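Sequence positions, counted from 1, serve as the residue numbers for this chain. Atoms within each ligand, like the ligands themselves, are counted from 1 in listed order. What you are looking at is a predicted structure, and each value in this text was computed from that prediction instead of being measured.
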Amino acid sequence: MELRALSSILACGMAVPERILTNADLEKLVETSDKWITERTGIKERHILRQGEVISTYAVQASREALKQASLKPEDLNLILCATLTPDFLMPSLSILVQKELGAVKAGAFDLSATCSGFLYALTVADQFIRNNPNWKILVIGAEALSRKTNWRDRSTCVLFGDGAGAVILGASENQSGIIDFILGADGSNWSLLTLKGGGSAYPPFDPELPEEEYFIKMQGREVFKIAVRMMEKIALELLERNGLSSSDLSLVIPHQANLRIIEYLRERLELPQDKVFVNIHKYGNTSAASIPIALCEAEREGRLKKGDLLLMVSFGGGFTFAGVLMRW
Ligand code: ACO
């Protein structure tokens with residue numbers, strides 16, 4: 001029987017805004033300190049859009065880098081899939097803006113919203129297309145501008161987020177590298193712990209009924225933290241167990257970069273040394289759907305991923321959404 005080719009990441013790219021907001025800058029905005037932010041989150045600085053900038057600029061930049069690395073032209077793309085909850089506009093979608101800017105004239109394009117798990121959701125959706133169309137090349141992007149939805153008067157959230165974009169090209173692999181297994185999860189029972197209500201159809205813009213702070217991210221951080229650590233561990237262990245693997249088989253884990261303490265908890269539960277868990281939260285903060293593709297791209301550039309390596313990516317986000325992807329590099 002002929003073995004089906006797996007969907008493989010052929011290339012990746014990333015781009016972040018030039019403007020950097022440090023913890024010292026935040027000390028001037030709200031009552032906080034570099035010490036508190038570093039100890040409680042691991043974040044030292046984050047990249048933030050300047051006024052007038054748009055996140056599509058960085059989504060396009062990351063995509064161009066990935067196309068170049070894959071030696072592909074925009075017209076080789078069959079689909080563009082962008083995970084985001086902060087597109088430039090509600091209409092047209094961010095994927096369409098990327099499609100136009102690249103000149104990807106043969107590609108379909110749509111956005112997908114699954115908060116911080118968005119990139120892994122998008123990757124698994126793209127994987128299904130590749131299974132049915134092994135000749136396809138799919139551009140999968142995670143791009144986010146949470147700084148535009150941040151309440152800069154709320155110290156419990158404004159220290160956490162950053163902006164940026166990461167992109168990968170998915171195609172059928174010519175060897176046995178690629179996506180081996182995945183888990184997508186959701187639990188809406190605690191949705192109200194993490195919200196961004198304003199601007200949706202329940203509360204259209206300028207609704208006088210809605211308090212101003214509802215136009216920004218609101219979060220009960222401690223409760224979110226507890227759910228995050230539990231679900232990240234559960235998904236990682238389930239993926240390992242059902243594939244007959246143990247954590248020592250993993251070459252690298254790339255977790256969603258939301259809080260260094262959440263990442264450390266996962267690392268301890270998996271009994272992994274520090275060099276097997278990728279961390280770049282100190283430079284970028286939580287970039288939501290962009291966090292995993294940015295980390296993936298940096299890991300690859302730093303030589304942390306070698307052919308044949310077993311990679312686990314795991315995420316959680318508002319909703320709540322959860323996702324894990326196990327792949328052979
Ligand atoms: N600077 C100084 N003090 C602060 C700050 C700050 N920036 N923020 C909160 N505090 C204070 C609080 O007021 C509180 O003071 P009190 O004890 O006098 O009441 C104290 O610090 C402790 O507050 P907690 O909220 O309990 O702090 P915690 O240790 O839980 O850290 C944090 C807060 C960093 C938000 C953490 O809970 C966390 O990371 N949660 C998960 C967030 C997350 O991962 N979200 C991901 C989803 S994002 C998305 O989907 C878009």
Side-chain angles (χ1 to χ4, degrees), residues 21-46 48 55 83-87 112-122 142-164 185-188 190-200 213-233 235 255-266 279 281-282 284-292 294-295 314-323:
L21 193 70
T22 64
N23 290 350
D25 296 328
L26 282 163
E27 284 175 358
K28 293 174 202 143
L29 277 181
V30 286
E31 202 184 323
T32 190
S33 65
D34 173 49
K35 185 171 182 295
W36 191 95
I37 302 171
T38 307
E39 284 177 6
R40 305 311 292 164
T41 72
I43 302 166
K44 297 299 280 184
E45 58 187 34
R46 61 293 283 145
I48 300 282
I55 199 62
T84 185
L85 61 125
T86 49
L112 180 155
S113 172
T115 60
C116 304
S117 305
F119 177 75
L120 293 187
Y121 265 68
E144 212 76 89
L146 285 184
S147 69
R148 296 288 202 245
K149 300 290 179 184
T150 296
N151 181 350
W152 295 104
R153 289 193 292 267
D154 175 6
R155 68 175 182 173
S156 71
T157 54
C158 76
V159 301
L160 301 175
F161 303 117
D163 303 335
D187 177 6
N190 286 308
W191 69 267
S192 60
L193 294 175
L194 179 49
T195 57
L196 174 51
K197 290 182 184 168
E213 67 263 24
E214 298 287 4
Y215 288 97
F216 302 105
I217 293 167
K218 276 181 77 179
M219 177 168 66
Q220 293 178 43
R222 204 177 298 183
E223 298 311 310
V224 174
F225 191 99
K226 286 184 213 157
I227 294 171
V229 288
R230 198 170 43 168
M231 291 312 297
M232 296 272 276
E233 178 190 0
I235 283 184
H256 170 47
Q257 311 280 311
N259 185 315
L260 185 59
R261 288 186 292 138
I262 296 175
I263 297 171
E264 273 297 300
Y265 179 89
L266 178 71
V279 174
I281 191 170
H282 51 289
Y284 304 113
N286 178 352
T287 57
S288 185
S291 113
I292 288 187
I294 288 175
V314 57
S315 68
F316 73 97
F320 286 84
T321 61
F322 316 98

Exercise for the section: Could you tell me whether atom 48 (S) of ligand 1 has a protein heavy atom closer than 4.0 Å? Expected result: yes

Practice task
State, yes or no, whether a side-chain contact exists between W152 and S147 at a heavy-atom distance under 4.5 Å.
Solution key: yes

Practice task
Side-chain contact test, heavy atoms from C-beta onward, threshold under 4.5 Å: evaluate it for T86 versus F161 and give yes or no.
Solution key: no

Handout entry: Contact check, H256 vs ligand 1, heavy-atom distance below 4.0 Å
Key = no

Exercise for the section: May I ask you to say whether R261 pairs ionically with E264, meaning some side-chain N is under 4.0 Å from a carboxylate O? Expected result: no

Problem - Any donor-acceptor pair under 3.5 Å from D187 side chain to T321 backbone - result: no

Problem - Heavy-atom gap A228 to ligand 1 smaller than 4.0 Å - result: no

Exercise for the section: State, with a plain yes or no, whether a side-chain heavy atom of T195 is found less than 4.5 Å away from one of M219. Expected result: no

Exercise for the section: Identify, by atom number and element, the atoms of ligand 1 in contact range of C116, meaning under 4.0 Å from any of its heavy atoms. Expected result: 48 (S), 49 (C), 50 (O), 51 (C)

Handout entry: For N259, the ligand 1 atoms whose distance to one of its heavy atoms is below 4.0 Å
Key = 34 (C), 36 (C), 38 (C), 39 (O)

Exercise for the section: Return a yes/no value: protein heavy atom under 4.0 Å from atom 14 (C) of ligand 1? Expected result: no

Problem - Non-hydrogen atom of L85 closer than 4.0 Å to ligand 1 - result: no

Problem - Electrostatic pair K44:D34 at N-O distance under 4.0 angstrom - result: yes

Fill in the blank from the handout: Closest to atom 25 (O) of ligand 1 (heavy atoms only, candidates E144, K35, R155, R222) is R222

Problem - Geometric N/O contact T32 with ligand 1, under 3.5 angstrom - result: yes

Handout entry: Rounded distance (nearest 0.5 Å) linking atom CD1 of I235 with atom OG of S315
Key = 7.0 Å

Handout entry: Within-cutoff protein neighbour (heavy atom, under 4.0 Å) for atom 18 (O) of ligand 1
Key = no

Fill in the blank from the handout: Of G221, A258, C158, the residue with the heavy atom nearest atom 41 (C) of ligand 1 is G221

Practice task
Check I262 against ligand 1 and report side chain, backbone, both or neither, counting heavy atoms closer than 4.0 Å.
Solution key: side chain

Handout entry: Expected output: side-chain N151 to main-chain C158 donor-acceptor under 3.5 Å
Key = no

Exercise for the section: Report, in ascending order of atom number, the atoms of ligand 1 lying under 4.0 Å from any heavy atom of R261. Expected result: 28 (P), 29 (O), 31 (O)

Exercise for the section: Taking only heavy atoms of T41 into account, list the atoms of ligand 1 that are under 4.0 Å away from them. Expected result: 34 (C)

Exercise for the section: Give the numbers and elements of all ligand 1 atoms closer than 4.0 Å to a heavy atom of F316. Expected result: 44 (O), 46 (C)

Handout entry: Identity and separation of the nearest protein heavy atom to atom 45 (N) of ligand 1
Key = M219 SD, 3.4 Å

Practice task
Supply the atom-to-atom distance L21 CG to K28 NZ, rounded to the nearest 0.5 angstrom.
Solution key: 9.5 Å

Handout entry: L193 side, atom CG; N190 side, atom CG - distance, nearest 0.5 Å
Key = 5.0 Å

Exercise for the section: Decide side-chain contact (heavy atoms from CB on, under 4.5 Å) for I262 and F316; before the verdict, give the C-alpha distance in whole Å, the side-chain angles of both, and the deciding distance to 0.1 Å. Expected result: CA-CA 11 Å; I262 296 175; F316 73 97; 3.8 Å; yes

Handout entry: 4.0 Å heavy-atom contact, N286 with ligand 1
Key = yes

Practice task
Give the contacting part of I37 toward ligand 1: side chain, backbone, both or neither, where contact means a heavy-atom distance below 4.0 Å.
Solution key: neither

Problem - Test of proximity, L194 against ligand 1: N or O pairs below 3.5 Å - result: no

Problem - Any side-chain heavy-atom pair of N286 and N259 under 4.5 Å - result: no

Problem - Non-hydrogen protein atom less than 4.0 angstrom from atom 21 (O) of ligand 1 - result: yes

Practice task
Could you find the nearest protein heavy atom to atom 27 (O) of ligand 1 and give me its residue, atom name and distance?
Solution key: W36 CZ2, 4.0 Å

Practice task
State whether the side chain of R155 and the backbone N or O of E31 hold a donor-acceptor pair below 3.5 Å, judged by distance alone.
Solution key: yes

Practice task
State which residue, out of E214, K218, K149, fulfils the side chain to side chain contact (heavy atoms under 4.5 Å, CB included) condition with L196.
Solution key: K149

Problem - Per-atom contacts, ligand 1 versus G318 - under 4.0 Å to a heavy atom - result: 50 (O)

Practice task
Could you tell me whether R40 and ligand 1 have an N or O pair separated by under 3.5 Å?
Solution key: yes

